[in-house]
Every structure is written in structure tokens, then in C-alpha cells.
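Keep in mind that what you see is a predicted model, and the values were worked out from it rather than measured.
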Amino acid sequence: MGEKTKTELEGELAIAKQRIAELEFRLCNEEADEMFEIAFKGNPLPMWIYELETLAFMEVNNAACLRYGYTRDEFLNMTLLDIRPQEDKDKLLQNIRENTEAYQRSNGWKHKDRDGNIFPVEIISYNVEYRGKYGRMVAALDISERKHAENELRASEEKYRLLAEELEQHVIDRTNEIKAVQRRLEVAAKAAELGIWDWNVSTDQLLFDEQMHAIYGTSPATFNGTIEGFIKAVHPEDAGNLMSLAQAVLNGGPHYQTQYRIIHPDYSIRHIKTYGTVMYDQNNLPEHIIGVVMDITQDKVAEETLRLANLELERAMRVKDEFLANMSHELRTPLNSILGISESLEEQVAGQITEKQRKYLHIIGESGRHLLELINDILDLSKIGAGRLELTISQFSTEAVCQSCLRMIKELARKKNLDVSFHLDEKVEFIQGDERRLKQMLVNLLSNAVKFTPEGNRLGLEVSGSLEKRQVTFTVWDTGIGIARQDLTRLFRPFVQLDSRLSREASGTGLGLMLVSQLARLHGGKVEVQSELGTGSRFSVSLPWLPANGNEVNGPPAREAAPQTDSPAKRAPAAHILLVEDTEPVILFVQDYLETKGYHVTVARNGYEGVNLAKNLKPDVILMDIQMPSMDGFEATRQIRADAYLKDVPIIAMTALAMPGDRERCLQAGMNYYMSKPISLKELRGLLDECAKSKGAGIEQQSLDRR
């Protein structure tokens with residue numbers, strides 16, 4: 001065999017180079033395929049590849065199997081239509097026919113998992129060639145949380161709209177600002193986009209997609225694509241934590257989420273929320289961190305605005321409560337003197353009075369009690385509005401409550417010569433509810449019926465029960481002036497009186513019907529009215545009813561009033577009373593009244609004097625005011641109770657504090673009884689007689705609240 005020619009050698013060399021190139025190409029493709037498989041299967045987002053012609057799944061990753069509930073084998077026997085709800089299928093087919101873009105990003109799609117649950121998704125898709133077939137690779141992001149957040153924003157906006165109607169004007173203005181922020185946030189949320197980033201750990205190259213650049217205020221031309229360039233945009237207070245988190249993820253991975261701030265090129269602060277996952281190479285070493293980000297600045301602004309609004313609302317409520325407490329105290333203190341002195345004079349404590357003087361005193365007493373009713377109504381409405389009026393539920397006799405209410409308006413009805421009737425459904429023997437509040441509702445309605453019914457007419461109270469509806473209805477009817485149809489909707493608003501001739505002549509604050517409506521609502525019931533102008537009205541209060549027999553009535557028996565006596569000889573003689581009070585008119589009429597009834601009264605004008613006199617005199621009963629200079633009644637009571645010789649002495653709180661919690665504070669300080677001003681001298685006398693009888697036997701804490 002001879003030597004090969006130069007031409008033959010060159011030919012063999014060319015063939016060898018071609019084979020080497022083919023081998024290198026094959027190795028590169030195999031390595032690229034392997035890297036593709038790793039990135040595809042390890043991606044935290046559900047991903048799949050489907051064939052363009054048949055829509056059959058060619059490959060899915062683990063995240064897709066977990067989210068949709070199918071195994072990989074089940075997926076590979078399905079088509080893209082199998083994970084779409086019926087209403088989305090035609091839209092999908094049309095999109096596939098019309099879509100000619102190699103890359104597409106879109107939302108407005110819905111997917112369905114194995115259990116039939118439908119959820120919104122955002123889609124990113126690419127044209128790919130996979131295993132010799134033309135297909136499309138898809139990444140699906142579940143955006144249910146985003147949709148849920150939008151719904152919560154709308155619900156929150158409605159909540160604050162309703163609150164704004166009930167608050168002071170400056171709070172209303174503040175809430176309107178919040179609503180404007182929420183509307184802007186809702187619009188922004190609908191147009192929100194997620195940015196995608198990819199950090200190559202080994203090369204330190206950082207890739208941003210278009211939305212990432214939009215969020216960060218950068219561009220491919222201005223961004224150097226390194227983690228160092230990225231970290232410069234992060235707020236200095238967050239940069240260290242963010243890098244520490246990234247390092248921790250690289251060491252322990254594979255997924256994380258966090259929030260941080262960036263400084264935008266326009267120097268504004270943006271709040272960012274990011275989700276990331278670590279991609280590993282074939283040696284299980286971190287190679288990439290891939291993630292998505294969302295600009296949540298508007299969320300943070302809304303949260304802060306709402307937080308400030310809540311603080312403002314709380315402050316406004318505190319101011320209102322303090323104002324009502326002060327006004328209640330300031331009104332009750334002089335009213336206590338007015339009613340107390342008029343009652344004392346009527347009992348002729350200061351000497352004989354004429355019949356004309358007695359009538360004048362009666363008018364003073366009636367006017368004072370009317371003013372007290374107004375104060376109590378305002379306080380009740382305030383407590384209901386603040387959600388702090390609690391019902392005391394018990395079971396009681398229906399007839400007893402109704403007869404008690406009818407007795408309260410009997411004299412007013414007699415003066416107008418009104419015929420008052422009462423009918424009780426015999427099966428409604430007992431009812432569960434707050435007995436005091438039910439009386440308040442019925443007396444309000446009956447008083448209105450008397451007020452707006454001309455002389456010589458009729459009115460009545462009817463009670464009926466429905467076993468089927470488990471409901472009892474109290475109806476107050478009259479044959480009075482009636483109500484025009486257009487005025488019915490205004491009835492249950494506070495401080496509203498209807499503009500008719502008789503209503504202008506009648507006194508009232510317009511709070512009664514509002515209270516009836518609110519108290520019925522607290523019981524789980526309602527108020528309805530039927531009326532025609534000139535023919536009369538029917539007001540019906542319907543409450544839940546649990547039929548029961550009298551043997552099931554529980555709770556403490558009604559407290560009987562202490563017997564009234566006209567002679568000191570009928571009780572323990574010369575009982576010694578220590579009156580701790582700083583208001584001179586109150587000292588005057590209480591001391592005079594009690595001394596004429598045979599008690600010995602010593603006066604202390606502040607808490608310090610009260611404590612010292614109590615220790616020196618060892619009185620039989622102590623009457624304790626609360627708001628006093630130097631030392632208040634709470635502290636004085638605590639110091640008195642600390643003395644072993646005084647721990648069982650009855651202490652009666654006589655105070656103008658009548659807001660929610662005041663009674664409890666008095667009893668917790670160690671007082672046995674609570675009387676809210678203005679006090680009734682007869683009730684006080686009965687309570688003192690009771691204390692005298694109970695002396696040495698232990699005194700239970702009780703309350704006499706003139707409300």
C-alpha cells in the first residue's frame with residue numbers, strides 16, 4: 001500500500017473535524033436539555049409543555065402536579081382543555097388560533113384542579129421545540145390571593161363608608177380621604193403586574209424582565225445586571241437583612257418570601273414583596289435564584305392610612321365618652337340638689353308648706369325628673385352606639401311587666417279621660433329578656449300613645465305569641481292623631497319630632513322611639529308601625545320567645561323596697577351617719593333630711609377628712625361621694641376598708657358618675673351600695689334602714705340606679 005496523497009489526507013481530516021463538531025453539538029444539546037429539565041422541574045410555579053396541534057400535555061413539573069392534584073402520568077394522558085372550566089374552553093381555542101406571538105403574558109384565565117375547584121391564573125407561555133415536536137411551554141401563577149385582596153379592599157371601603165356617617169365632621173373628612181386612597185388602590189391592583197428576575201449565583205448576573213424594570217424604575221440600558229447594582233436600589237435599612245436572607249436561602253433553600261423597600265430613581269420609597277426559589281445544578285449546588293416581585297406600596301399606604309384613621313376614630317370616641325361623662329356629671333350634680341331639696345321640702349323637713357307651695361314643688365320635681373329622663377336617654381343611646389350596653393337576660397312574668405308599665409301611665413291617661421285596655425295572650429305567661437329594658441320600651445310607646453291621643457279617646461296594650469315563629473309581639477295602639485305615610489321613615493331617627501299641630505304642642509326630645517328601635521334590635525327583635533293620619537297608630541315590638549312554664553324561672557328574686565317608717569323609734573336608735581360630700585347644697589338637704597328622721601350626721605368635705613373621721617368615730621353607715629378634691633371616694637374607701645375595725649361598715653356610693661363601668665368601679669373599690677345622682681331621699685332612707693337591720697350580718701353589694 002503506498003503513501004496517501006495530500007488530497008486524501010485533507011479529505012480524511014475534514015471528515016474527522018465534521019464528526020468532532022457533530023459530537024460537540026450533541027454534547028451541548030444534551031447538556032442544555034439537562035439544564036432545561038432541572039430548571040423546568042424545580043420551578044416553584046406550575047409549568048407544562050403541550051403540543052400545539054393536539055393540545056396534549058407533553059411534560060409537566062412537580063409544582064403543577066401538586067397544585068392541580070394529578071400525577072404526571074395522568075397529566076400526560078390529558079389535554080389542555082381538561083384543566084379549563086367549560087366557559088373558558090372556547091376562549092382558549094380562539095386564543096390558540098389567533099395567537100402568533102412566540103412569547104405571551106396574559107391574565108383573565110381560569111383553571112380547574114382535580115377536585116373541580118376553579119381559580120384565576122396569570123399565564124406566561126413560549127413556543128418551544130420539545131422531543132422533536134412543536135409545542136408551547138406554559139408557567140401558571142395562581143392569583144387567587146390577589147383577587148381576594150381586591151374583594152377585601154372593597155369590603156373595607158364599604159365598612160369605612162358606613163362608619164363615616166356616624167362620626168364627627170373631622171373624622172368624616174379623614175374617612176373620605178381613606179376611601180379615595182382605597183379607590184386608587186383598587187384601580188392599581190386591577191392593573192398590577194408581577195416582575196420576574198433571575199440571579200445566576202455563579203456569574204453574579206441578574207436578569208430583569210420588562211415588568212421588573214418598570215417596578216424598579218430601571219431599563220436594560222441603565223441596569224448593570226449585577227447583584228451589587230441591585231442592592232444599591234434597596235433601602236439601606238433593609239439591604240443587610242435582604243442579603244442575609246439570600247445567603248441563608250443559598251445555604252438551606254429552596255424557597256423564601258420577604259418584603260423590603262427600594263429607593264426609586266425619583267427618590268420615592270417603594271415597598272416590595274418577593275417570592276424566590278433556588279435552582280440547583282446536577283451536583284446539587286445552588287446555581288440560580290429565580291423569583292417574582294410585586295409592588296405593594298399602595299397596600300402599605302392604605303394600611304398606614306387605615307391605622308391612622310383607626311387611631312383618629314378611637315380618639316374621637318374617647319373625646320365623646322369623656323364629654324358625655326363630664327356633661328352627665330355636671331348635669332346630675334345640680335339636678336341632685338333640685339330634686340333632693342324639692343323632695344325634702346315636700347316632706348316638710350324645713351317646716352310646714354301651703355298647698356300652693358306643694359303644687360309648685362311638685363312641678364319642680366316633675367321638671368327635674370323629665371330632665372333626668374333626657375340625660376338617661378342620651379347616655380343609653382351613646383352606650384348602644386359604642387356597643388357597650390349589655391342586656392341582663394332573665395325569665396319573668398309577662399303580665400307583671402305589662403301591668404307595671406300600665407300603672408306608670410295610669411295617672412297621665414286619667415287626666416285626659418282616656419280609656420286604656422289590656423289584652424294578654426294566655427299562652428305568653430313568661431318571656432326571656434331584659435326586664436328593665438322591656439319596661440323602658442313599653443313605657444316609651446305607652447307614653448307616646450297618651451301624649452298624641454286627644455281627650456276622651458282610647459288606647460291599649462296587646463300581647464300575642466306565635467309558637468311557630470317562636471316570637472312574642474307587644475302592640476301599643478291608639479286612636480290618636482296618626483302619622484302621615486311620608487313621615488313614617490323619619491320616626492326612628494334621634495331628635496326628630498313630626499311636624500303636626502299636636503306634636504308641636506307636646507313635649508319630648510325625639511329620642512324615645514330611637515331607643516325602642518335600638519333596644520329591640522339588641523334583643524334580636526324589631527319594631528314595626530302602622531298608622532294613618534287622623535285614625536291612630538299601632539306600634540309593634542316583636543322579640544324572640546322561648547315558651548316555658550313558671551317553674552323554670554331562675555335568677556335572684558326581686559329586691560323589695562325597704563319599709564318606710566315615720567318614726568326613728570321603729571329602727572335602731574340614733575344611727576350615726578358619716579356623710580363624705582364636697583357639694584354644699586347636697587350636704588344641706590341630705591343632712592337636714594336625715595337629722596329630721598332621727599339620724600345623727602357628721603360631715604366630711606373631702607376624702608382625707610372622711611378617712612380620719614371614719615377611723616375616729618366608727619360610724620354605722622358611710623355615704624361616700626366619688627369626685628372630691630384632695631382624695632377621691634375610691635381611694636378613701638380603700639383606706640377605710642384597710643382598717644380592721646371598719647371593714648364591715650356599710651358604705652353607700654352617692655355619685656353623679658353614671659357612665660358604663662362606674663357602678664362596677666365603686667363596688668370593686670369596696671362599697672356595698674351604688675346610688676346614682678340625683679338620689680331619692682325616700683330610697684336613701686329605706687337603704688339606711690336596711691343597713692341598720694343588716695348590721696353585723698354582712699352586707700351584699702347592691703345598686704340603686706335612678707335610670
So, using side chain to side chain contact (heavy atoms under 4.5 Å, CB included) as the criterion, who are the partners of [X] when residues are at least two apart?
X: Asn612; result: none
X: Ile353; result: Gln348, Gln357, Arg358, Leu361
X: Ala604; result: Leu578, Val580, Glu609, Leu613
X: Gln259; result: Lys273, Ile296, Lys300

Nearest-0.5 Å distance, [atom1] of residue [X] to [atom2] of residue [Y]:
X: Leu438; Y: Leu519; atom1: CG; atom2: CG; value: 9.5 Å
X: Cys402; Y: Leu461; atom1: SG; atom2: CG; value: 4.5 Å
X: Leu684; Y: Asp689; atom1: CG; atom2: CG; value: 9.5 Å

Exercise for the section: Kindly give the heavy-atom pair with the smallest separation between Pro619 and Ala614, and that separation in Å. Expected result: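 Taking every non-hydrogen atom into account, CD-O, 3.6 Å.
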Exercise for the section: Please answer whether the main-chain N or O of Ser447 pairs with a side-chain N or O of Asn444 as donor and acceptor at a distance below 3.5 Å. Expected result: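 Flag not set: sc Asn444 to bb Ser447 has no pair under 3.5 Å.
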Practice task
Keeping the roles fixed (side chain from His523, backbone from Asp434), state whether a donor-acceptor pair exists under 3.5 Å.
Solution key: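 Pair found, side chain donor or acceptor close to backbone of Asp434.
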With sequence neighbours excluded, tell me which residues meet side chain to side chain donor-acceptor pair (under 3.5 Å) with [X].
X: Thr392; result: none
X: Gln471; result: none
X: Arg261; result: Glu237, Asp238
X: Glu435; result: none

Handout entry: Selection residues 398-410 - residue pairs positive for side chain to side chain donor-acceptor pair (under 3.5 Å), sequence neighbours left out
Key =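 Non-adjacent pairs meeting side chain to side chain donor-acceptor pair (under 3.5 Å): zero.
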Practice task
Would you check if there is a donor-acceptor pair between the side chains of Arg437 and Gln440 at a distance under 3.5 Å?
Solution key: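 Yes, Arg437 and Gln440 have a side-chain donor paired with an acceptor closer than 3.5 Å.
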Exercise for the section: Sort out for me which residue in Ile622, Ile577, Asn672, Leu688 forms a side chain to side chain contact (heavy atoms under 4.5 Å, CB included) with Ile652. Expected result: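 For Ile652, the side chain to side chain contact (heavy atoms under 4.5 Å, CB included) check succeeds only for Leu688.
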Practice task
For residues Asn448 and Leu513, determine if any side-chain heavy atom of one lies less than 4.5 Å from a side-chain heavy atom of the other.
Solution key: yes
Exercise for the section: Identify, with sequence neighbours excluded, every residue that meets salt bridge (Lys or Arg N to Asp or Glu O under 4.0 Å) alongside Arg414. Expected result: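 For Arg414 the salt bridge (Lys or Arg N to Asp or Glu O under 4.0 Å) partners, ignoring immediate neighbours, are Glu411.
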Practice task
Output all residues satisfying salt bridge (Lys or Arg N to Asp or Glu O under 4.0 Å) with Lys526, sequence neighbours left out; order by chain, then residue number.
Solution key: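 In terms of salt bridge (Lys or Arg N to Asp or Glu O under 4.0 Å), with neighbours along the sequence ignored, Lys526 is linked to Glu528.
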Problem - Candidate pair Leu459 and Val450, rule side-chain contact (heavy atoms from CB on, under 4.5 Å), full reasoning - result: CA-CA 8 Å; Leu459 61 93; Val450 172; 3.8 Å; yes
